[in-house]
Student: 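Sharing a structure here in structure tokens format.
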Amino acid sequence: MRLSKFFGETLREAPSESDSASSQMLARAGYVRQLAAGLYSYLPLAHRSLRKIEQILREEMDAIGGQELCMPVVHPAEIWQESGRWYDIGDEMGRFQDRKGRDLVLALTHEEVVATLCKSEIRSYRQLPQLVYHMQTKFRDELRARGGLIRVREFVMKDSYSLDKDMEGLQSQYVAHYDAYHRIGARLGLDLVAVKSDPGMMGGKTAHEFMYLTPVGEDSLAVCEETGYASNLDVAMFQKIPESSDSQEPLTRIHTPGQSTIAKVAKFCGVSKRQTGKMVFFMGDFGLEHPPRLIAACIRGDMEINELQLRYAVKAQALRPAEADEITAIGCVPGYASFCDIDPSKALLVADDLIPQSANLVVGANEKDWHYTGTNYGRDFTADIIAPIALAYDGAPDPIDGKPLRIVRGIEVGNIFQLGTRYSDTMGATYTDETGEELPIFMGSYGIGVGRALACVAEEHSDDYGLDLPISVAPYHVILVSLGRSGDVHDAAENLYFELLNSGVEVLYDDRPVSPGVKFADADLRGIPLRCTVSSRSLGRGGVEFGRRRSKDLDIIPLDDAVKGIQEGITQCFRKLQQRLEHLPTWASRSKDSQS
RNA sequence: CGGGGCGUAGCUCAGCCCGGUAGAGCACUGCGUUUGGGACGCAGAAGUCGUCGGUUCAAAUCCGGCCGCCCCGACCA
């Protein structure tokens, strides 16, 4: 492609709406343009890169037995009503009606369609297992799209769906994806970390997310390098070590003027925060058939609530922090709320599993400026539910070996879910087994965001001068730059360009009549990994200059050998990337605790 | 949905506080010079100042509603 005829300009300054390095560089380099919040146009450069990512996904899916198909973006509401998600998912679902008033859904994902296809295509155990996949647009009306391309509302996802006759088959397809996703990351030039995750709206039990670790990520993860434990913070476990105590002290009411926070109280009483307890209040939504209920959660003072685990513990559909007047309405004093004086009929009392093991806690006395010391579970108070509702924290002992966890940030590039029979049961996707019995199909679903993958690659592979994409993702392998107006240079560059095209080299040719500085700056910005320069100077030295983007260490290749030399350079880049495949984590090599 | 910020030329922004002639840099067009790391000169084109309403002799500027975009939070595969 000639840059003189190219569609998609570079920008000297990033548009003001972009913030992360990837969004800024992708915008400046002419890859993407924002149309509206969370809606992007992909210009030719990005489109080429996205197609390359898709091809890698295709190859890896085919390698584990996948068959590519294509399912619609617009679905009739009925299938989502059958699965129940029409009712479970709120405003995130794009809904509209056709001219007849029929309810339609913009695909958030495609489990319902796959389950529907199962009904028409799968009858016998002889037809299983199956693995189908497609690259298709999804629409999710996020509360807030953010981070440029990281969280958009419309995006293309590679989603695959495994169909098996039993759990064992599902497990083996799940493992195949687990390993394939690591290979995909390696081929994209990304280190992906598999973490345990919450299945969320997808349903099912076991799920992993494949994370690209970066401080700009929006997910928090708990990882331990020593033991290999890795989990989304939402579902992270950790060992809880009670403060030792030989005896139970008597419950004592003490005056604590102005000591309304845990830090102040601990200091005032001369104890560690680990010897305090605190109460956190939420309003729980239990669905239309049940009234909302106040939830009083108690945890040790040095810890925070894991809202997801609390929500599961109380079986609520949603939680929100309680307002001060909702807390006072049940007779509690915010800042000094007490485990001991709470009326069990007015709130659901939930205690973290560490609380019953913790002796002599300092807690609120339910009156401003007063606390209790020597509070003990069982003697002074009890809870309706005891569950692990504390959030893992940096330095917490990991659940495997007690080694310290680190809390890091990441971007979810892909995810894998063992759905089991959650969709087969609700939608009637069944097969007949050897004995003639009709049984539900075991499903798994596996996604990778194609655009998000590109954003992560851009985030990882860029510098002050622009993108520096791995050869597997770069829209072109080499940029051919001609400098100056001399006829010799022009002829040599034109000839080389046609030779490269004829040899199948993916070349972007900067034939514009602009200054060298502009050409080099644009070449750096666009992130093409290899650069070939033709100029009077290079011809004087015997040919063309060739090397890595921004490298000062350039080879001079005679014109006659230029195509060959460039092809070798491309091969070398691919070979280097290939090395990433050598020591990948696999399912078999992961610790048991990070698997289930 | 709560908190904060922003909306002026294709892009980045100034002007707004203190009301009165709409600006700069980059980009664009023409001519000339220049050609190894975002050149230079001259000339030119380009803006319903997000939108609707209010105040005023007069509104980009003050006031209000709405819309859009960004950030933090809530939520989320």
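The shown structure was predicted, so the numbers you read here are calculated from the model rather than taken from an experiment. Every chain is numbered from 1 and lettered A, B, ... according to where its sequence line falls, protein lines coming before strand lines.
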Student: Measure across A:P76 and A:L104 and return the closest heavy-atom pair with its distance rounded to 0.1 Å.
Tutor: CA-CD2, 3.9 Å
Student: Ignoring hydrogens, what is the shortest heavy-atom contact between A:L233 and A:A392? Give both atom names and the distance.
Tutor: CD1-O, 3.4 Å
Student: Passes side-chain hydrogen bond (donor to acceptor under 3.5 Å, both in side chains), A:Y509 versus A:E494? Steps please.
Tutor: CA-CA 9 Å; A:Y509 175 27; A:E494 289 284 325; 3.0 Å; yes
Student: Given the P atoms of B:G50 and B:A22, what is the spacing between them in whole Å?
Tutor: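 15 Å, rounded to whole Å.
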Student: Check A:L508, A:L469, A:L467 against A:R526 for a side chain to side chain contact (heavy atoms under 4.5 Å, CB included) and give me the one that passes.
Tutor: A:L508
Student: Expressed as a whole number of Å, how far does the P atom of B:C69 sit from that of B:U8?
Tutor: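 To the nearest whole Å, 14 Å.
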Student: Which whole-number value in Å describes the distance from A:D88 CG to B:C76 C1'?
Tutor: 14 Å
Student: Please work out if A:S197 contacts a base, only the sugar-phosphate, or nothing of the nucleic acid, heavy-atom cut-off 4.0 Å.
Tutor: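 Nothing: the residue A:S197, judged by heavy atoms under 4.0 Å, touches no strand.
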Student: When the P atoms of B:A43 and B:C26 are compared, how many Å lie between them, rounded to an integer?
Tutor: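 The same atom, P, in both gives a distance of 15 Å.
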Student: Please report the distance separating the C1' of B:A59 from the corresponding atom of B:A77, rounded so that it comes out in whole Å.
Tutor: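 The same atom, C1', in both gives a distance of 49 Å.
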Student: For atom P, what is the distance between B:A58 and B:G41, given to the nearest Å?
Tutor: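 It comes out at 44 Å once rounded to the nearest Å.
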Student: Please table the atom pairs, donor to acceptor, closer than 3.5 Å between any side-chain atom in residues 452-463 of chain A and protein atoms at least two apart or in another chain.
Tutor:
from	atom 1	to	atom 2	distance (Å)
A:R452	NE	A:I150	O	2.8
A:R452	NH1	A:E412	O	2.7
A:R452	NH2	A:I150	O	3.1
A:E459	OE1	A:S22	N	3.1
A:E459	OE1	A:S22	OG	2.9
A:E460	OE1	A:Y212	OH	2.6
A:H461	NE2	A:G189	O	2.8
A:S462	OG	A:A458	O	3.1
A:D463	OD1	A:Y465	N	2.8
A:D463	OD1	A:G466	N	3.1
A:D463	OD1	A:R549	NH2	3.0
A:D463	OD2	A:R549	NH1	2.9

Student: When the distance from CD1 of A:I416 to C1' of B:A77 is rounded to whole Å, what number comes out?
Tutor: 13 Å
Student: Can you check the A:L11 CG to B:C13 C1' distance for me, whole Å?
Tutor: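 For the pair A:L11 CG and B:C13 C1', the rounded distance is 15 Å.
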Student: So what does A:R33 touch, heavy atoms closer than 4.0 Å: a base, only the sugar-phosphate, or nothing?
Tutor: nothing
Student: More than 12 heavy atoms of other residues, nucleotides or ligands under 6.0 Å from CG of A:D394: is that the case?
Tutor: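 Atom CG in A:D394 is packed in, count exceeds 12.
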Student: I need the CD-P distance between A:E412 and B:C76, as an integer number of Å.
Tutor: 13 Å
Student: Is there a side-chain contact between A:R311 and the phosphate of B:C76, meaning an N or O under 4.0 Å from OP1 or OP2?
Tutor: yes
Student: Both A:T10 and A:E307 contact RNA chain B. Which one's nearest nucleotide lies toward the 5' end?
Tutor: A:T10
Student: Just checking A:R512: base, sugar-phosphate only, or nothing, at a heavy-atom cut-off of under 4.0 Å?
Tutor: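 Touches nothing.
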Student: To the nearest Å, give me how far apart CG (A:D141) and P (B:C75) are.
Tutor: 18 Å
Student: Under 4.0 Å, heavy atoms only, any strand: does A:A318 hit a base, just the sugar-phosphate, or nothing?
Tutor: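 A:A318: no heavy atom of the nucleic acid under 4.0 Å.
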Student: Determine the contact category for A:Y465: base if any of its heavy atoms lies under 4.0 Å from a base atom, sugar-phosphate if only primed atoms, P, OP1 or OP2 are that close, otherwise nothing.
Tutor: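 No contact at all - A:Y465 keeps every heavy atom at 4.0 Å or more from the nucleic acid.
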Student: State whether A:K158 and A:E60 are salt-bridged, where the test is any N-O pair (Lys NZ or Arg NE/NH1/NH2 against Asp/Glu carboxylate O) under 4.0 Å.
Tutor: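 No salt bridge links A:K158 with A:E60.
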Student: Is any N or O donor-acceptor pair between the side chain of A:R12 and the base of B:G10 shorter than 3.5 Å?
Tutor: no
Student: Using atom C1' in both nucleotides, what's the gap between B:C63 and B:G25 to the nearest angstrom?
Tutor: 34 Å
Student: Roughly how many Å is it from CG in A:L39 to C1' in B:C69, rounded to a whole number?
Tutor: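 Spelled out: CG on A:L39 to C1' on B:C69 is 12 Å.
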Student: Which nucleotide, B:G38, B:C75, B:A77, lies nearest any side-chain atom of A:N415?
Tutor: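 That would be B:A77.
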Student: Identify whether any heavy atom of A:G484 sits under 4.0 Å from a base atom; if not, whether one sits that close to sugar-phosphate; answer base, sugar-phosphate or nothing.
Tutor: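 Sugar-phosphate contact only - A:G484 comes under 4.0 Å of backbone atoms but never of a base.
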Student: Would you call B:U21 syn or anti, using the 90° rule around 0?
Tutor: syn
Student: Within this structure, what is the CZ-to-C1' distance between A:R151 and B:G73, rounded to whole angstrom?
Tutor: 14 Å
Student: Quiz question: going by heavy-atom distance under 3.5 Å, is there a donor-acceptor pair between the base of B:C76 and the side chain of A:R140?
Tutor: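 Check fails, no donor-acceptor contact within cut-off.
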Student: What are the atom names and distances for every N/O pair under 3.5 Å that joins the protein to nucleotides 28-34 of chain B?
Tutor:
none

Student: P atom, B:U12 versus B:C71: distance in rounded Å?
Tutor: 14 Å
Student: Using atom C1' in both nucleotides, what's the gap between B:C16 and B:C6 to the nearest angstrom?
Tutor: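 Pairwise C1' distance, B:C16 against B:C6, rounds to 14 Å.
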Student: For A:R531, which contact category applies under a 4.0 Å heavy-atom criterion: base, sugar-phosphate, or nothing?
Tutor: base
Student: Keeping A:R531 on the side-chain end and A:G547 on the backbone end, is there a donor-acceptor pair under 3.5 Å?
Tutor: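 Flag not set: sc A:R531 to bb A:G547 has no pair under 3.5 Å.
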Student: Hey, is A:E304 close enough to A:K278 for a salt bridge, meaning N to O under 4.0 Å?
Tutor: yes
Student: Specify the separation, in whole Å, of atom CG of A:L35 and atom C1' of B:G68.
Tutor: 12 Å
Student: On RNA chain B, nearest-nucleotide positions of A:V518 versus A:P15: which is more 5'?
Tutor: A:P15
